[in-house]
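Since the structure comes first, as structure tokens, the remarks are kept for the end.
Numbers restart at 1 for each chain; the letters A, B, ... are given by sequence-line order, proteins then strands.
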Number of protein chains: 2
Amino acid sequence: MVSKTLMAASTRPLILAILAGGKNYGYSIIQKVKDISGGHLEWTDGMLYPVLQRMEMENLITSNWKLSDGNRPRRYYTITDKGRDELASELISWRYIWQALKGLTDPLKAGD
Amino acid sequence: MVSKTLMAASTRPLILAILAGGKNYGYSIIQKVKDISGGHLEWTDGMLYPVLQRMEMENLITSNWKLSDGNRPRRYYTITDKGRDELASELISWRYIWQALKGLTDPLKAGD
DNA sequence: ATGCATACATAGATTTTGAATGTATCTTCG
DNA sequence: CGAAGATACATTCAAAATCTATGTATGCAT
């Protein structure tokens, strides 16, 4: 089980990373996260939508409704330039810490 | 600059990882973190001591004072078995998420 | 004696999160 | 047709965790 703080720290970068690969809507993002994490990360919609709203307020993402054929209306989110910058810098931070952790726990291997 | 949430998520695992390598005291832990992160993580003592106290209350670490030669008294922290378990499971979680992030951002390379 | 690094400690204002809850549509299957 | 379950989005606010600000004190160098 992933700790609360780690969950909190990873939510935004994961959302940004997913949207960097193409626009997407809330419900689908949840499934993609579950998918890409091998089932270890299971988000609820109740936690995701507020996060998406906050990220939109911060201009990391934008949204627009799309009504198609037989489907329910969906709100699609798109990453902004600011969002891409944020993602890039988050990834750098994650790398620092991950490498610090690895360096401490197995000092012999270097790896990535 | 490392984000607040990421900072929060990494504090405990880093402390545990350091103590897994041998007992240590607060001030020295701060320097070790700075050192191992290449200067990217700079903790303040004011944020560390409360964390250490909470971790001790949760039995992840124990502490005892050591008064030596010309030095000031220092409170040395030791990792417990429970702490080692915690560290191990945190590392697993970190790996999941790091790999999910990497998988999303550069889908071609696998790596570790 | 002055300044700086070392060393530990506490309180509590502030922020943040996400669980709980609500609404509604689409699909499937008997 | 009707029921059940998956899909889809939305809001509120109680509860909890963090760490900034602040305080104390010693060792060492010059």
> Would you say the side-chain atoms of A:S28 pair up with the backbone N or O of A:N24, donor to acceptor, closer than 3.5 Å?
Replying inline: no
>> For a quick check of understanding: with a heavy-atom distance under 4.0 Å over all strands, which category does B:W43 fall into, base, sugar-phosphate or nothing?
In response: nothing
> Taking OP1 and OP2 of D:dC9, is either one under 4.0 Å from a side-chain nitrogen or oxygen of A:R75?
Replying inline: no
> Rounded to whole angstroms, how far apart are CG on A:L48 and P on C:dT17?
Replying inline: 13 Å
> Is A:Q31 near enough to D:dT7 that one of its side-chain N or O atoms lies under 4.0 angstrom from OP1 or OP2?
Replying inline: yes
> Of the nucleotides C:dA9, D:dA10, D:dA6, which one has an atom closest to the side chain of A:W65?
Replying inline: D:dA10
> Quick one: A:R74 CZ to D:dT7 C1', roughly how many Å, whole number?
Replying inline: 8 Å
>> Could you report the tightest heavy-atom contact between B:N59 and B:T80, atom names first, then the distance?
In response: O-OG1, 2.7 Å
> Are there more than 12 heavy atoms of other residues, nucleotides or ligands under 6.0 Å from atom CG of A:N64?
Replying inline: yes
>> Please report the distance, rounded to the nearest Å, between CG in A:N64 and P in D:dC9.
In response: 12 Å
> Looking at NZ of B:K66 and OH of B:Y76, how far apart are the two atoms once the value is rounded to the nearest 0.5 Å?
Replying inline: 6.0 Å
> Separation of A:M55 atom CE from C:dT16 atom P, in whole Å?
Replying inline: 14 Å
>> When you compare the side chain of B:R95 with that of A:W98, does any pair of heavy atoms fall below 4.5 Å?
In response: yes
> Can you tell me how far P of C:dA9 sits from CD1 of B:I29, to the nearest Å?
Replying inline: 12 Å
>> Using OP1 and OP2 only, check whether a side-chain N or O of A:Y49 sits under 4.0 Å from D:dA10.
In response: no
> Are B:Y25 and C:dA7 close enough that a side-chain N or O sits under 4.0 Å from OP1 or OP2?
Replying inline: yes
> Judged by atom type as modelled, is there a donor-acceptor pair below 3.5 Å linking the side chain of A:S10 to the main-chain atoms of B:I97?
Replying inline: no
> Taking only residues two or more places apart in sequence, or in another chain, which ones meet A:E56 in a salt bridge (charged side-chain N to carboxylate O under 4.0 Å, His left out)?
Replying inline: none
> Expressed in angstrom and rounded to an integer, what is the separation of A:L67 atom CG from D:dT7 atom C1'?
Replying inline: 16 Å
> Which whole-number value in Å describes the distance from B:L6 CG to C:dT16 P?
Replying inline: 15 Å
>> Please report the distance, rounded to the nearest Å, between OH in B:Y27 and P in D:dG27.
In response: 15 Å
> Nucleotide by nucleotide, 5' to 3', does protein get under 4.0 Å of the base (B), only the sugar-phosphate (S), or neither (-) in nucleotides 18-23 of chain C, counting heavy atoms?
Replying inline: BBB---
> Which of parallel (below 30°), tilted (30 to 60°) and perpendicular (above 60°) describes A:W94 and B:W94?
Replying inline: tilted
>> To the nearest 10°, give me the bend of the helix from C:dA1-D:dT30 to C:dG30-D:dC1, comparing the axes of its five terminal pairs at either end.
In response: 30°
> Do B:R12 and B:E58 sit within salt-bridge range, that is, some charged N less than 4.0 Å from a carboxylate O?
Replying inline: yes
